[in-house]
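Naming convention: chains lettered A, B, ... in sequence-line order (proteins, then strands); numbering from 1 in each chain.
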2 protein chains.
Amino acid sequence: MNAWEILERKSIRATPARKSILEVLLKERCPLSYREVAARLPEGQDRVTLYRTLLLLFKEGIVHRVLDMKGTWRFCAHDSGHPGCPGNHPHFACRVCGRMECLIGSNLPFVEVEPGTEVEGKHMVIYGVCRDCLVKRTKKRGAGSL
Amino acid sequence: MNAWEILERKSIRATPARKSILEVLLKERCPLSYREVAARLPEGQDRVTLYRTLLLLFKEGIVHRVLDMKGTWRFCAHDSGHPGCPGNHPHFACRVCGRMECLIGSNLPFVEVEPGTEVEGKHMVIYGVCRDCLVKRTKKRGAGSL
DNA sequence: TACCTCCCCGCAACACTGTTGCATTTACCC
DNA sequence: GGGTAAATGCAACAGTGTTGCGGGGAGGTA
Ligand SMILES: [Mn+2]
Ligand SMILES: [Mn+2]
Ligand SMILES: [Zn+2]
Ligand SMILES: [Zn+2]
């Protein structure tokens with residue numbers, strides 16, 4: 001399903017800005033910050049429109065979002081094909097390269113809260129160093145010590 | 001253990017700023033944002049010193065920290081008596097009043113990540129509406145509809 | 001086609017968190 | 001009480017995200 005179809009199905013005006021932003025998120029398979037989306041867009045795209053569009057896509061359930069370890073929101077459309085429970089999975093964030101990926105293999109685990117509390121959702125971020133960054137680090141060390 | 005003892009034990013200079021900031025965190029039992037700490041401090045306390053102190057307390061393992069749903073760090077010293085695994089528990093954040101609390105009853109659940117990845121830690125935030133805010137909401141509705 | 005209305009967009013301004021550099025002051029050890 | 005390294009306060013900055021508003025364009029109606 002392409003960007004135009006997704007917007008049409010939600011009865012959202014398929015403007016050029018929305019289509020191109022959603023296309024970026026559909027192409028990349030991992031959560032992107034507004035800055036990373038902007039970098040993949042033709043220059044001159046307005047910052048506020050981008051923020052508003054990302055928020056719209058999120059509120060319409062087209063994308064899910066998650067806070068990274070710097071406190072910035074990242075948006076991801078990798079499961080926009082599955083209408084139900086979008087983003088109901090933990091995420092991994094690499095401390096070195098800053099990239100984030102969806103751990104779609106596992107669901108968010110159940111956690112008991114105080115009785116009388118109304119739970120609306122949960123976020124889980126596992127952080128550390130991704131495989132690519134570990135490989136690079138090993139190569140560097142190896143070259144230096146040999 | 002009071003603030004002075006904690007700082008002394010870590011061989012950290014016990015300045016007035018550090019003592020008063022740590023005292024605030026020791027008194028409140030839930031994670032506080034820099035703003036909330038500042039509000040409980042005598043006026044005139046420098047913003048940068050507060051940020052630096054909170055970071056120091058965190059890096060020394062005296063407090064733990066967690067990102068709330070607005071992307072701001074919150075610091076909590078409720079388990080500063082237990083030197084091991086500080087902050088290894090999920091947190092609940094109320095969408096209405098903004099308060100956060102530690103779910104010290106449960107540990108952070110295990111989640112499988114891609115092989116070859118180095119996991120350093122994990123964060124989990126359950127969000128919704130706390131009991132107090134639910135009670136207030138019910139009272140309001142009741143009064144209005146009667 | 002002409003008109004109307006709604007809403008999307010771009011711009012300016014703002015609020016807030018968090019960081020850095022530097023000069024001054026202070027806590028701690030002798 | 002000094003000496004020194006470290007902590008503080010101040011100014012400036014970067015970055016994210018929000019709000020208000022006016023113009024313009026898409027889509028509907030006659
Ligand atoms: Mn995801
Ligand atoms: Mn906690
Ligand atoms: Zn990485
Ligand atoms: Zn609440």
Nearest 0.5 Å please: distance from the NE2 atom of His123(A) over to the CG atom of Leu67(B). 11.5 Å
What is the distance from CG of Leu50(B) to P of dG18(C), rounded to the nearest Å? 10 Å
Mind checking whether Phe75(A) and Val37(A) have side chains closer than 4.5 Å, heavy atoms only? no
With sequence neighbours excluded, what pairs up with Phe92(B) under the ring-ring contact (aromatic ring centres under 6.0 Å, His included) test? none
For residues Leu32(B) and Arg40(B), determine if any side-chain heavy atom of one lies less than 4.5 Å from a side-chain heavy atom of the other. yes
In whole angstroms, the gap separating P of dC9(C) from CG of Leu54(A) amounts to 12 Å
Within residues 91-101 of chain A, which residues have any heavy atom lying less than 4.0 Å from an atom of DNA chain D? none
For Val135(B), the other hydrophobic cluster members (4.5 Å side-chain criterion, sorted by chain and number) are none
Contacts under 3.5 Å, N or O only, protein and nucleotides 10-13 of chain C:
residue	atom	partner	partner atom	Å
dG10(C)	OP2	Gln45(A)	OE1	3.3
dG10(C)	OP2	Thr49(A)	OG1	3.1
dG10(C)	O6	Arg52(A)	NH2	2.3

Starting at NZ of Lys19(A) and ending at P of dC8(C), how long is that distance when rounded to a whole Å? 14 Å
Both Leu67(B) and Arg18(A) contact DNA chain C. Which one's nearest nucleotide lies toward the 5' end? Arg18(A)
How long is the span from the CD atom in Glu120(A) to the OH atom in Tyr127(B), to the nearest 0.5 Å? 7.5 Å
Which whole-number value in Å describes the distance from Leu56(B) CG to dG18(C) C1'? 16 Å
Is there side-chain contact between Val129(A) and Arg137(A), with at least one heavy-atom pair below 4.5 Å? yes
How many angstroms lie between atom CD1 of Ile126(A) and atom OG of Ser106(A), to the nearest 0.5 angstrom? 7.0 Å
Less than 4.5 Å apart, side chain to side chain, heavy atoms only: is that true for Val63(A) and Leu54(A)? no
Mind checking if Pro16(B) touches a base, just sugar-phosphate, or nothing, with heavy atoms under 4.0 Å? sugar-phosphate
Check this for me: Glu60(B), atom CD, are more than 12 non-hydrogen atoms of other residues, nucleotides or ligands nearer than 6.0 Å? yes
First locate atom SG of Cys130(A), then atom CD of Glu101(A), and finally report the distance between them rounded to the nearest 0.5 Å. 7.0 Å
At a heavy-atom distance below 4.0 Å, which nucleotide of DNA chain D is the first touched by chain B, and which is the last? dA5(D) to dA12(D)
What integer distance in Å separates Leu57(A):CG from dC8(C):P? 12 Å
Identify all pairs in which a protein N or O lies below 3.5 Å from an N or O of nucleotides 28-30 of chain C, and state each distance.
residue	atom	partner	partner atom	Å
dC28(C)	OP1	Ala14(B)	N	3.0

Is there side-chain contact between Leu26(B) and Ile6(B), with at least one heavy-atom pair below 4.5 Å? yes
Working note: His91(B) + Cys76(B), criterion side-chain contact (heavy atoms from CB on, under 4.5 Å); need CA distance, chi angles, decisive distance, verdict. CA-CA 11 Å; His91(B) 293 84; Cys76(B) 179; 5.7 Å; no
Quick one: Phe75(B) CZ to dT17(C) C1', roughly how many Å, whole number? 11 Å
